[in-house]
Amino acid sequence: MSSRTDGRCTPSWRPALTSEALIFLVAAFLVCADNLPLWRAALEGRDWTHATTWAYVCGVLVLLVAAYYVLLAVCAVRGLMKPVLIAALLVGAVVAYYIGRYNIVFDVTMMSNVLNTDRHEAFELIDAGLLAAVFVGGVIPGAFVVIARVKQRSWGRALGVRVITVAVATIVATAALLSVFQDVAPLMRTRHEVRHLLTPFNLFSAGVRSLWGNFSAATAQPDPPVAVSRSAAAASAIRPTFLVLVVGETARAANFSLNGYERDTNPELSKLDVINFSRTRACGTSTEVSLPCMFSPFGRRAYDQARIARHESFLQQASRAGVRVVWRDNQSGCKGVCAGIEVQRFDQLELPGVCASGRCFDEVMLRDFDTLTRGPGGDVLLVLHQIGNHGPAYFRRYPPQFKHFEPACETDALHNCTHQEILNAYDNALRYTDHFLAQLVALLQTQRERYDVALIYVSDHGESLGEKGLYLHGMPYAIAPKEQLEVPMVWWLSPEFAQHRNIDIDCLRSLARGATSHDHLFHSITGVLGVQTPDRDETLDLFAACRADAAVRSIGAR
């Protein structure tokens, strides 16, 4: 045993370090162990036989370690040093695992997804690989931090040493940056995602920015409600409208056989008289971005997250105009677009064969469907928010009888499956969505005596299934691959619905072959429901473009 000056004894085997030395060791560990994707990006295409490559590596290493030291030294103040260092190690291990496993980046959008996920989605992302990574990259070095004996200094001396070392590290980092600037600058300009690979500070930075954005949105004054009304044609219609909007989850256009995919993922829809929009682009690459965007009048063309959050969705405007709006949810909520609207949740039921362990198959939202049309009538807009193809547990999104493509990946850990097994599970989930939509059309058919009925299906965003090493979704929009941006959109209109609105179906089919996007939804749905709002842009109303009578610009003459 060895004695300390305060009279207490400490084991002699505990390493004795200054606080600055401990911070430096943690900084070096984080740079070397938790930033492998960053190193791969920084060293891509370099020739290891050239001395310039080794000089570049040394320069980047010095730059990163010095920069990490500065950040940790500023945060790890006296009394909080060990907790800060341990938190950095644990968080770094988790972030490094997911970046390496799914080739994702942690920016504000990804952080918003993390903060707004539910516990079931979170549990699906926890596997043995994560636990092993946290143990090796977080627990073991964290234990070293715990047992290390930090040499004590007076407050004044400790502050002076810390200020000096931070200043020196800043100078060193600056010098190192200048030495490699010619190589680093083009990398940062051409590959913007690289800055989001700086683990674990990417998570802390995105977390602060996301929380600030949420706080700003929560405290911001909502925009004054715009004046809304119903068109004369809608108010005097002979029969009410029953329009169902299905918001799909993580379905990508490339795997819809209606779009030419070689596998038959749409066996039931292909037998129905549907209108398939084959070139539809999403507002974003995550539900957190796409859902508010697709229900707003601004869309991607004028995207402004704060503005969208302040403004009413078309659901809220339709409700104020007199349409009964109902949101049925089998996922993680509506991200604010259904505030003040009738909401029916179906994701917590316990129904044998349909729901288990807090997750339900999407057909649960078809329960008690007839209750939506009981009563005196009136226009109804029903929104069904699917669990759809939410990953990575694609195999949990469909009943056993839809295990058509085999063998399917039946684990949450995608790295334990082959690409073909992942694809099989994903496509099985799409076939189940196809069945769900066909069931919905059949239910709408039963309402044709009382209502003009129609169905619109569109997914919120796509999904990467291993292309270019990417998995899942949530990549920054500017660099997102087409697999995450191109989504399926399918419409089914009853003959009465089209006839009473003077819609030329052949025109609509021709239009569906062109480029469309989430930007069209607000304007098309408010238009076809006869909701008059100053937010509506008729040039983005896909129905209006195909009126048989060009003079009719609202719901159509009865």
key: Under 3.5 Å: donor-acceptor pair, side chain of N428, backbone of N424   =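 Answer holds: yes.
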query = Which pair of non-hydrogen atoms, one from Q445 and one from W492, has the smallest distance, and what is that distance?
reply =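 Smallest heavy-atom distance, with atoms named: NE2-CZ2, 3.5 Å.
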ask   = What are the two closest heavy atoms between R397 and Y432, and how far apart are they?
value =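 Between these two residues, the closest heavy atoms are O-CD2, 3.3 Å.
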Point-to-point distance, once rounded to the nearest 0.5 Å, from [atom1] of [X] to [atom2] of [Y]:
X    : Y    : atom1 : atom2 : value
T433 : Y398 : OG1   : OH    : 12.0 Å
D127 : L131 : CG    : CG    : 7.0 Å
F277 : S517 : CZ    : OG    : 11.5 Å
F242 : T373 : CZ    : OG1   : 6.0 Å
N255 : E262 : CG    : CD    : 8.0 Å

Can you confirm if the NZ or CZ of [X] lies within 45° of the ring axis of [Y] and under 6.0 Å from the centre of its six-membered ring?
X    : Y    : value
R263 : F405 : yes
R501 : F497 : yes
R300 : Y477 : yes

message = Is the distance between the ring centroids of F543 and W491 under 6.0 Å?
response =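 Yes - the distance between ring centres of W491 and F543 falls below the 6.0 Å cut-off.
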message = Is it the case that the ring center of Y261 lies less than 6.0 angstrom away from the ring center of F256?
response = no
Is there a side-chain contact between [X] and [Y] (heavy atoms, below 4.5 Å)?
X    : Y    : value
D427 : Y394 : no
L472 : E463 : yes
V490 : L437 : no
T285 : V289 : no
D264 : H404 : no
Q499 : D452 : no
V528 : L243 : yes
E268 : N266 : no

message = I'd like to know whether E486 forms a salt bridge (Lys or Arg N to Asp or Glu O under 4.0 Å) with R279, so could you lay out the CA-CA distance, the side-chain angles of the two residues, the decisive distance to 0.1 Å, and finally the verdict.
response = CA-CA 7 Å; E486 295 177 357; R279 296 170 55 198; over 6 Å; no
task = In sequence, state the C-alpha distance, the side-chain angles, and the governing distance for N259 and S278, and then conclude on side-chain hydrogen bond (donor to acceptor under 3.5 Å, both in side chains).
result = CA-CA 6 Å; N259 293 328; S278 57; 4.8 Å; no
key: Criterion side-chain contact (heavy atoms from CB on, under 4.5 Å) on M294 and V458, from CA distance to verdict   = CA-CA 10 Å; M294 66 199 291; V458 61; 3.7 Å; yes
request  = Go through the steps to decide whether L423 and Q420 satisfy the test side-chain contact (heavy atoms from CB on, under 4.5 Å), and finish with yes or no.
outcome  = CA-CA 5 Å; L423 196 63; Q420 190 60 53; 4.0 Å; yes
request  = For the pair T280 and T516, evaluate side-chain hydrogen bond (donor to acceptor under 3.5 Å, both in side chains) and give the outcome as yes or no after the intermediate values.
outcome  = CA-CA 5 Å; T280 302; T516 53; 2.8 Å; yes
message = Go through it in stages, so that I can follow the logic: the residues are R396 and D412, the test is salt bridge (Lys or Arg N to Asp or Glu O under 4.0 Å), and I'd like the CA-CA distance, side-chain angles, deciding distance and then a yes or no.
response = CA-CA 9 Å; R396 299 186 194 275; D412 299 338; 3.4 Å; yes
inquiry  = Can you tell me which residue among R450, R239, R324, R230 is in a salt bridge (charged side-chain N to carboxylate O under 4.0 Å, His left out) with D379?
reply    =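 It is R230, the one option of R450, R239, R324, R230 that forms the salt bridge (charged side-chain N to carboxylate O under 4.0 Å, His left out) with D379.
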task = Please list, chain by chain and in numerical order, all residues satisfying side-chain contact (heavy atoms from CB on, under 4.5 Å) with H311, sequence neighbours excluded.
result =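 Per chain and number, H311 pairs via side-chain contact (heavy atoms from CB on, under 4.5 Å) with D223, V226, P297, F298, Q317, D535.
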ask   = Which residues satisfy the side-chain contact (heavy atoms from CB on, under 4.5 Å) test with C417, sequence neighbours excluded?
value =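 Only C409, T411, E421, I422 meet the side-chain contact (heavy atoms from CB on, under 4.5 Å) criterion with C417.
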task = Applying side-chain contact (heavy atoms from CB on, under 4.5 Å) between L245 and each of Y457, W327, F295, report the one that passes.
result =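 For L245, the side-chain contact (heavy atoms from CB on, under 4.5 Å) test succeeds with only one of Y457, W327, F295, which is F295.
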inquiry  = Tell me which one of V246, D329, N330 satisfies side-chain contact (heavy atoms from CB on, under 4.5 Å) with M365.
reply    = N330
query = Would K403 and E410 pass as an ion pair if we require N to O under 4.0 Å?
reply =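 Salt bridge flag = yes for E410 with K403.
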task = Identify whether the distance between the nearest side-chain nitrogen and carboxylate oxygen of K335 and E288 falls below 4.0 Å.
result =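 Here K335 pairs with E288 in a salt bridge, since their nearest N and O are under 4.0 Å apart.
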ask   = Who are the side-chain hydrogen bond (donor to acceptor under 3.5 Å, both in side chains) partners of R509, not counting sequence neighbours?
value = D273
Check against salt bridge (Lys or Arg N to Asp or Glu O under 4.0 Å), R252 and E467 = CA-CA 13 Å; R252 66 185 202 179; E467 300 84 10; 2.9 Å; yes
